[in-house]
Amino acid sequence: MNMLNTILNLIGIIIMAIGAVCVYDARKLTKKFFSSGDENTATRIFKIIGLIVFLIGCAIVFIWTH
């Protein structure tokens, strides 16, 4: 059971890191994946998705540590 908790914590931390990178580099990711169009809307979407992914990672870490 201890090994399962460790693995789930690592997965949660990796998911949190992906979400934080998505929020932090939203403008760069928008320029990389979308060549034309409204960059502000796409950046906002990347930030929202990054926040949701970060919160999912937090939930995984906090649910399985208690």
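- With rounding to the nearest 0.5 Å, the separation of CE in Met16 from CD1 in Ile56 is 12.5 Å.
- In this structure, Ile60 is a member of the same hydrophobic cluster as Val53, with clusters built from ILVMFWY side-chain heavy atoms closer than 4.5 Å.
- Take Ile14 and apply the side-chain contact (heavy atoms from CB on, under 4.5 Å) test, not counting sequence neighbours, and it matches Ile18.
- With hydrophobic clusters built from ILVMFWY side chains whose heavy atoms lie under 4.5 angstrom apart, Ile48 does not share a cluster with Leu51.
- Remark: Cys22 SG to Ile45 CD1 distance equals 11.0 Å, nearest 0.5 Å.
- When hydrophobic clusters are built by joining Ile, Leu, Val, Met, Phe, Trp and Tyr residues whose side-chain heavy atoms come closer than 4.5 Å, directly or via intermediates, Ile13 is grouped together with Phe54.
- Within the structure, every pair that satisfies the side chain to side chain donor-acceptor pair (under 3.5 Å) test and touches residues 15-30, not counting sequence neighbours, is listed here: Arg27-Asn40, Thr30-Thr43.
- Evaluation of the side-chain contact (heavy atoms from CB on, under 4.5 Å) rule for Ile63 yields Ala59 as partners, not counting sequence neighbours.
- Looking at residues two or more places apart in sequence or on another chain, you find a side-chain contact (heavy atoms from CB on, under 4.5 Å) between Ile11 and Ile7, Ile15.
- No single ILVMFWY cluster, assembled from side-chain heavy atoms under 4.5 Å apart, contains both Leu10 and Met3.
- With sequence neighbours excluded, no residue forms a salt bridge (Lys or Arg N to Asp or Glu O under 4.0 Å) with Arg44.
- For the side-chain contact (heavy atoms from CB on, under 4.5 Å) test, residues two or more places apart in sequence or in another chain that qualify with Asn5 are Trp64.
- Residues passing the side-chain hydrogen bond (donor to acceptor under 3.5 Å, both in side chains) test with Thr6: none are found, sequence neighbours excluded.
- Remark: Phe62 CZ to Leu55 CG distance equals 10.5 Å, nearest 0.5 Å.
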